[in-house]
Each structure stands twice: as structure tokens, then as C-alpha cells.
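Just dropping this structure here.
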Amino acid sequence: MRLIADGATPTSRLVLVKDLETDDGYVFEPASPLFLAAGDRITFEDGGLVVVRAGGEWLSSAGDWSTRCGPMSLRRR
């Protein structure tokens, strides 16, 4: 499923997130799987993932960045 991480577009259904890949080939891997409820919004701020719950609560998710493109795939950022 394609998720838009602009902080404004809500998810349309319950989603289990194991990793999030950006359009430029980077991947954010949360420290543990993350459940997004319908209506949650996501964004990247200060190098990390932020989930904005439908009720307005902000949650930061710990995790790591890596890349899947090129000769050194899965190399940490």
C-alpha cells in the first residue's frame, strides 16, 4: 500500500508498517512493527517518523534509515 507521508493525508484503513520506502530509495525501518489506524497521518521530521493520530496525539517512532538502491543496498544512512 502506498502511504503519503505529508502529515496531512490520512490513512484509509488499518495498516501494519514494517518499513516505509521513500520515492528516492531510502527506507525507514521502525524499531518494532507499527499499527496505523484509519485516519492516522504520518510525516518525517528531524530524521524520524511521526504519527499524528486521528484524535490529534503526536507519536514519534524510533527506527533506522537505510537504502535499497545501488551497489551498496541496505546500507545505513
- Query: If Ile, Leu, Val, Met, Phe, Trp and Tyr residues are connected whenever their side-chain heavy atoms lie under 4.5 Å apart, and connections chain through other members, are Val50 and Leu36 in the same group?
  - Reply: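 No: no chain of side-chain contacts under 4.5 Å links Val50 to Leu36.
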- Message: side chain to side chain contact (heavy atoms under 4.5 Å, CB included), that's the test. Do Val51 and Leu34 meet it? Break it down for me.
- Response: CA-CA 10 Å; Val51 177; Leu34 178 67; 3.9 Å; yes
- Item | Distance, nearest 0.5 Å, that separates CG of Asp19 from CH2 of Trp65 | 11.0 Å
Validation: residues 52-60 side-chain donor-acceptor distances under 3.5 Å, sequence neighbours left out:
unit_1: Arg53; atom_1: NH1; unit_2: Phe35; atom_2: O; d: 3.4
unit_1: Arg53; atom_1: NH1; unit_2: Asp40; atom_2: OD2; d: 2.4

- Task: Quick one: closest heavy-atom pair of Ser61 and Pro30, and the distance?
- Result: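 Nearest heavy atoms, Ser61 then Pro30: OG-CB, 3.8 Å.
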- Task: Mind checking salt bridge (charged side-chain N to carboxylate O under 4.0 Å, His left out) for Asp23 and listing every partner two or more places apart, or none if nothing turns up?
- Result: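 Result, salt bridge (charged side-chain N to carboxylate O under 4.0 Å, His left out) vs Asp23: Arg2.
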- Item | Listed partners of Thr9 passing side-chain hydrogen bond (donor to acceptor under 3.5 Å, both in side chains), at least two apart |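 Scan of Thr9 (side-chain hydrogen bond (donor to acceptor under 3.5 Å, both in side chains), adjacent residues dropped) gives Asp6.
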- Message: Check whether Thr11 reaches the backbone of Leu3 with its side chain - one donor and one acceptor, N or O, closer than 3.5 Å.
- Response: no
- Enter the distance from Glu29:CD to Leu20:CG here, rounded to the nearest 0.5 Å.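 These two atoms lie 10.0 Å from each other.
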- Taking the side chain as every heavy atom from C-beta outward, state whether Thr67 and Val27 have any pair of such atoms under 4.5 Å apart. no
- Could you give the distance from OG (Ser32) to NZ (Lys18), rounded to the nearest 0.5 Å? 12.5 Å
- Query: Residues two or more places apart in sequence or in another chain: which of them pass side-chain contact (heavy atoms from CB on, under 4.5 Å) with Ala5?
  - Reply: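 For Ala5, the residues satisfying side-chain contact (heavy atoms from CB on, under 4.5 Å) (neighbours in sequence not counted) are Ile42, Phe44.
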